[in-house]
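Below: one structure, written as structure tokens.
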Amino acid sequence: MSTTTNGTDGEATGGRTGGAGWLGAGRAARRAHARAVTHQAASVLLGYPDETFFERLPLVARAAAELPRGQARTDLLEFCEHASTTPETELAEHYVAVFDLRRRRALHMTYYTDGDTRRRGHALAEIQRVYAEAGWRVSARELPDHLAVMLEFAARGDAEAGWGLLVDFRAGLDLLSRSLAEYGTPYARVVDAVRHTLPAPRNADEERVRRLAAQGPPAEDVGTEPYGARPRVPLPRTDTAGGQG
């Protein structure tokens, strides 16, 4: 969460306060709030569109409407409009077709960097360690690298640690965005809203995306127990040390 936006949404500072004195602190606080709202909204919108999703949708739309003008706000509002005007069963079928049938459009970020190799198990354990150090618990039913889980952690858990995770998986986010756009799904707007909260990609990030797009994730060779079980489709539910998330 502790990022600033780029483009029309702000200048990336990696969580440092901009300017001097109380004016700079005020701007930084507003940016941090906007990032938290963007990440929490995207976390909900990337969940499976069940009854709870549609109950939360009006609140998410109102929160997005209060964001500063910029591309992230536009992207979230456009998707909320799409979701609110699409029949529930149709949106659910589309969600499964987009995210559950093609692994190139997976919402599990370590898949892009580590595939189904042994390294993925280590990467999952590292993400879990970051959560644990912040006192953030993830349901045993969910993998810690699910984008909706990571976004909720960035919004409501540890700002700096959450921002670091999203930056670490920038290449996966960019590749997911590209794949969603090629598929022609409105879900691309939700992922793009998240990308607008991150610093501009470096040359190394862009090269990594090109390589992943051309070669795909590392080939399957070893299972990823204890994280190898296929995750449930509905919206990941997390809870903090103090209560339900």
Side-chain angles (χ1 to χ4, degrees), residues 1-7 9-16 31-32 35-36 38-43 46 72 99 103-138 142-180 188 190-218 224 227-228 231 236 238 245:
M1 186 185 77
S2 62
T3 64
T4 56
T5 53
N6 57 15
D9 295 324
E11 180 181 351
T13 63
R16 298 186 296 274
R31 287 195 297 266
R35 291 191 301 271
T38 299
H39 291 161
Q40 184 63 45
S43 175
L46 288 174
F99 296 119
R103 304 195 70 177
R104 185 172 287 274
R105 296 189 295 270
L107 285 171
H108 294 89
M109 293 293 97
T110 61
Y111 176 72
Y112 297 96
T113 55
D114 300 292
D116 280 330
T117 67
R118 186 182 299 275
R119 292 193 306 275
R120 188 180 179 205
H122 296 317
L124 289 166
E126 176 63 18
I127 296 172
Q128 192 74 281
R129 181 192 63 79
V130 173
Y131 293 161
E133 288 184 353
W136 187 266
R137 294 195 300 269
V138 178
E142 307 299 341
L143 293 180
D145 66 332
H146 193 290
L147 182 54
V149 174
M150 296 176 71
L151 287 168
E152 187 169 2
F153 175 70
R156 301 178 56 244
D158 186 293
E160 183 177 355
W163 177 80
L165 286 176
L166 293 172
V167 171
D168 286 345
F169 289 98
R170 175 66 191 252
L173 283 169
D174 289 347
L175 185 58
L176 175 59
S177 170
R178 178 186 298 186
S179 298
L180 293 174
V190 183
V191 175
D192 285 345
V194 175
R195 293 170 65 236
H196 284 301
T197 68
L198 301 178
R202 301 164 299 179
N203 290 338
D205 296 324
E206 295 175 343
E207 175 58 30
R208 194 178 187 187
V209 172
R210 286 192 292 268
R211 185 172 63 253
L212 285 172
Q215 302 176 359
T224 58
Y227 299 108
T238 62

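Atoms considered below: every heavy atom in the structure, side chains included; atoms not considered: hydrogens, waters and symmetry mates. Position 1 is the first residue of the sequence, and the numbers go up from there.
- Of all heavy-atom pairs between P144 and M150, the closest is O-CG, 3.7 Å.
- Here S177 pairs with D192, R195 under the side chain to side chain donor-acceptor pair (under 3.5 Å) rule; sequence neighbours left out.
- Side-chain contact between F99 and L180 is present, with at least one heavy-atom pair separated by less than 4.5 Å.
- In this structure, D168 CG and M109 CE are separated by 12.5 Å, a value rounded to the nearest 0.5 Å.
- Aromatic pair Y131/F153: ring centres closer than 6.0 Å.
- For the residue pair R105 / S179, no side-chain donor-acceptor distance below 3.5 Å is found, with atom types taken as modelled.
- Across all non-hydrogen atoms, the minimal contact from A148 to S43 is O-OG, 2.8 Å.
- Atom CG of L46 is separated from atom NE2 of H146 by 7.5 Å, given to the nearest 0.5 angstrom.
- Judged by distance alone, the side chain of Y112 and the main-chain N or O of A106 form a donor-acceptor pair under 3.5 Å.
- One finds the CG atom of D158 at 10.5 Å from the CH2 atom of W136 (value rounded to the nearest 0.5 Å).
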- Begin from the C-alpha positions of H39 and L166 and carry the test side-chain contact (heavy atoms from CB on, under 4.5 Å) through to its verdict. CA-CA 10 Å; H39 291 161; L166 293 172; 3.8 Å; yes

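- Within the model, atoms CZ of R170 and CG of L198 stand 5.0 Å from one another, a figure rounded to the nearest 0.5 Å.
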Check step by step if side-chain contact (heavy atoms from CB on, under 4.5 Å) holds for Q40 and E152.
CA-CA 5 Å; Q40 184 63 45; E152 187 169 2; 3.6 Å; yes

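- Separating the CD atom in E142 from the NE2 atom in H108 is a distance of 7.0 Å, to the nearest 0.5 Å.
- Partner of D145 under the side chain to side chain contact (heavy atoms under 4.5 Å, CB included) criterion, out of L143, V149, L147: L143 alone.
- In this structure, the separation between CG on L151 and OG1 on T38 is 10.0 Å, given to the nearest 0.5 Å.
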